[in-house]
Amino acid sequence: MFQRWRFLSFLHWPYEADTVRKLLPHQLTLDTFDGAAWLGLTPFLLTDLRPPLVPALPRISHFPETNVRTYVRTPDGERGVWFFTLEADRLAAVLGARSFYRLPYRWADMRVTRASNRVEYKSRRRWPFEHARTDIAVQPGDALRSGDFDNFLTARYRLYTMLRDRLAFAQIEHRPWTLQRAQLLRLEQDLIERSGVPAPAGTPVLHYSLDLTVRIGRLELYRSL
């Protein structure tokens with residue numbers, strides 16, 4: 001699938017490694033930075049969604065999305081993302097991703113609003129019928145030269161999921177992120193807790209990116225070396 005990610009904010013909190021490790025399938029190892037697990041809340045606007053050789057369809061190719069994620073490795077050391085939830089504003093996209101990628105997508109009523117000096121994200125889950133919401137506002141700032149920590153949180157080129165009892169993955173291809181610093185103006189959420197992860201503590205680490213074009217490969221079974 002081809003898609004474009006716009007007005008994307010990364011909010012990250014450190015967690016005790018054991019707290020997150022026990023939430024993962026046994027086939028994956030938790031990826032840590034300085035001994036801590038990191039939990040991400042990532043809202044953005046997805047546009048231009050399409051399969052190869054097919055134009056984007058107006059009604060289903062443009063919608064907000066928010067995911068809750070952490071970072072993992074396979075036994076052979078390949079790094080990637082593990083999702084606890086992916087909330088999206090298009091039911092067709094939710095059903096398609098659950099079917100073809102076996103990802104825990106959920107349908108939500110969502111909005112991304114961009115003003116001159118801020119970006120606001122609002123979401124309320126619609127299906128499955130359980131309360132989960134976010135209300136976030138950020139102010140993007142200056143460009144950021146990415147260091148090791150910034151890359152750890154953002155430069156991930158695989159997603160992992162389970163296909164029945166087998167580990168599966170899809171490659172994520174895109175140019176390096178163009179990151180900006182950002183200021184958090186508002187954060188109200190219970191999406192993380194409603195996704196099976198303990199509530200975060202403290203102020204998150206924040207990154208922002210304006211625009212990125214992405215290709216996501218087909219789902220493949222992982223075969224260990």
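Heavy atoms only: backbone and side chains are in, while hydrogens, waters and symmetry mates are out.
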Begin from the C-alpha positions of Leu167 and Met162 and carry the test side chain to side chain contact (heavy atoms under 4.5 Å, CB included) through to its verdict. CA-CA 5 Å; Leu167 183 67; Met162 297 299 296; 3.9 Å; yes
Quick one, Phe33 with His12, criterion ring pair (Phe, Tyr, Trp, His ring centres under 6.0 Å). Give me CA distance, side-chain angles, the key distance, then yes/no. CA-CA 12 Å; Phe33 193 92; His12 281 100; over 10 Å; no
Any chance you could lay out the side chain to side chain contact (heavy atoms under 4.5 Å, CB included) test for Val72 and Val81, step after step, and finish with the verdict? CA-CA 6 Å; Val72 294; Val81 180; over 6 Å; no
Determine whether Phe169 and Thr161 satisfy the following criterion, side chain to side chain contact (heavy atoms under 4.5 Å, CB included), listing intermediate values before the conclusion. CA-CA 6 Å; Phe169 70 94; Thr161 188; over 6 Å; no
Could you walk me through whether Gln3 and Ile216 pass the side chain to side chain contact (heavy atoms under 4.5 Å, CB included) check? CA-CA 8 Å; Gln3 49 192 263; Ile216 300 179; 3.7 Å; yes
If you apply the rule side-chain hydrogen bond (donor to acceptor under 3.5 Å, both in side chains), what do you find for Tyr121 with Thr134, and how did you get there? CA-CA 7 Å; Tyr121 313 89; Thr134 60; over 6 Å; no
Salt bridge (Lys or Arg N to Asp or Glu O under 4.0 Å), that's the test. Do Glu120 and Arg186 meet it? Break it down for me. CA-CA 9 Å; Glu120 299 187 354; Arg186 183 176 68 250; 3.7 Å; yes
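The closest side-chain heavy-atom distance from Leu219 to Phe100 is not below 4.5 Å. Residues Met110 and Thr66 are in side-chain contact: their nearest non-hydrogen atoms beyond the backbone lie under 4.5 Å apart. Contact annotation: the side chain of Leu41 approaches that of Trp13 to within less than 4.5 Å [non-hydrogen atoms, C-beta and beyond]. Proximity of Phe44 to Tyr208: side-chain heavy atoms (C-beta onward) are nowhere separated by under 4.5 Å. You'll find the side chain of Val138 reaches within 4.5 Å of the side chain of Leu206, heavy atoms only. Contact check for Ile136 versus Ser9: no side-chain heavy atoms found under the 4.5 Å cut-off. Residues Leu39 and Phe84 are in side-chain contact: their nearest non-hydrogen atoms beyond the backbone lie under 4.5 Å apart. At a threshold of 4.5 Å between non-hydrogen side-chain atoms, the residues Thr32 and Tyr71 do not count as touching.
Residue-environment remark: CD (Glu16) stays at or below the threshold of 12 foreign heavy atoms within 6.0 Å. Other residues, nucleotides and ligands place no more than 12 heavy atoms under 6.0 Å from the CG atom of Asp148.
From Thr213, atom OG1 reaches atom CG of Asp211 across 6.0 Å, with rounding to the nearest 0.5 Å. Here Trp38 contributes atom CH2 and Asp31 contributes atom CG; the two are 13.0 Å apart, rounded to the nearest 0.5 Å. Interatomic distance, Leu210 CG to Arg6 CZ, rounded to the nearest 0.5 Å: 7.0 Å. If you take CZ on Arg90 and CH2 on Trp107, they are separated by 10.0 Å, rounding to the nearest 0.5 Å. With rounding to the nearest 0.5 angstrom, the CZ atom of Arg111 is 10.5 Å from the CG atom of Asp89. Atom CD1 of Ile192 is separated from atom CZ of Arg69 by 12.5 Å, given to the nearest 0.5 angstrom.
Side-chain N/O atoms of Arg73 and Thr29 include no donor and acceptor closer than 3.5 Å. Residues Glu193 and Ser195 bring no donor and acceptor atom of their side chains to less than 3.5 Å of each other. Under 3.5 Å, the side chains of Gln139 and Arg118 contain no donor-acceptor pair of N or O atoms.
Between Glu188 and Arg133 there is a salt bridge, since a side-chain N of the basic residue sits under 4.0 Å from a carboxylate O of the acidic one. In summary, Arg124 and Asp109 do not engage in a salt bridge, as defined by a charged side-chain N under 4.0 Å from a carboxylate O. Salt bridge annotation for Arg125-Glu130: present, with a cationic side-chain nitrogen under 4.0 angstrom from a carboxylate oxygen.
The heavy-atom pair separating Gly196 from Leu23 by the smallest distance is O-CD1, 3.7 Å. Heavy atoms only, all atoms of each residue included: Phe63 and Ala93 are closest at CZ-CB, 3.6 Å. The two residues Tyr101 and Ala170 have their closest heavy-atom pair at CE2-CB, 3.9 Å. Contact between Ser123 and Ala108 at its shortest, heavy atoms only, is OG-CB, 3.6 Å. When all heavy atoms are compared, the tightest approach of Ala182 to Pro140 is CB-CA, 4.1 Å. Closest approach of Ala37 and Leu30 over heavy atoms only: CB-CD2, 3.7 Å.
A single hydrophobic cluster is seen to contain both Leu49 and Leu95, as judged by linkage of ILVMFWY side chains at heavy-atom distances under 4.5 Å, directly or through other members. If you chain together hydrophobic residues whose side chains sit under 4.5 Å apart, Leu103 and Trp127 fall into the same group.
Not a single donor-acceptor pair under 3.5 Å links the side chain of Ser61 to the backbone N or O of Thr47. Proximity of a side-chain donor or acceptor of Gln180 to a complementary backbone N or O of Asp142 within less than 3.5 Å is not detected. A side-chain donor-acceptor contact under 3.5 Å links Arg181 to the backbone of Ala143. Without hydrogens or angle criteria, Arg194 side chain to His131 main chain gives a donor-acceptor distance under 3.5 Å. Between the side chain of Gln189 and the main chain of Leu191, a donor-acceptor pair closer than 3.5 Å is present.
Relative to the six-membered ring of Phe2, Arg50 meets both conditions, a distance below 6.0 Å and an angle of at most 45° to the axis. Judged by the 6.0 Å and 45° rule, Arg98 forms no cation-pi pair with Tyr105. Cation-pi geometry between Arg156 and Phe152 is met: the NZ or CZ atom falls under 6.0 Å from the ring centre, inside 45° of the normal.
When Thr42, Thr154, Asp150 are each tested for a side chain to side chain donor-acceptor pair (under 3.5 Å) with His207, only one passes: Asp150.
Aromatic ring centres of Phe10 and Trp177 lie closer together than 6.0 Å.
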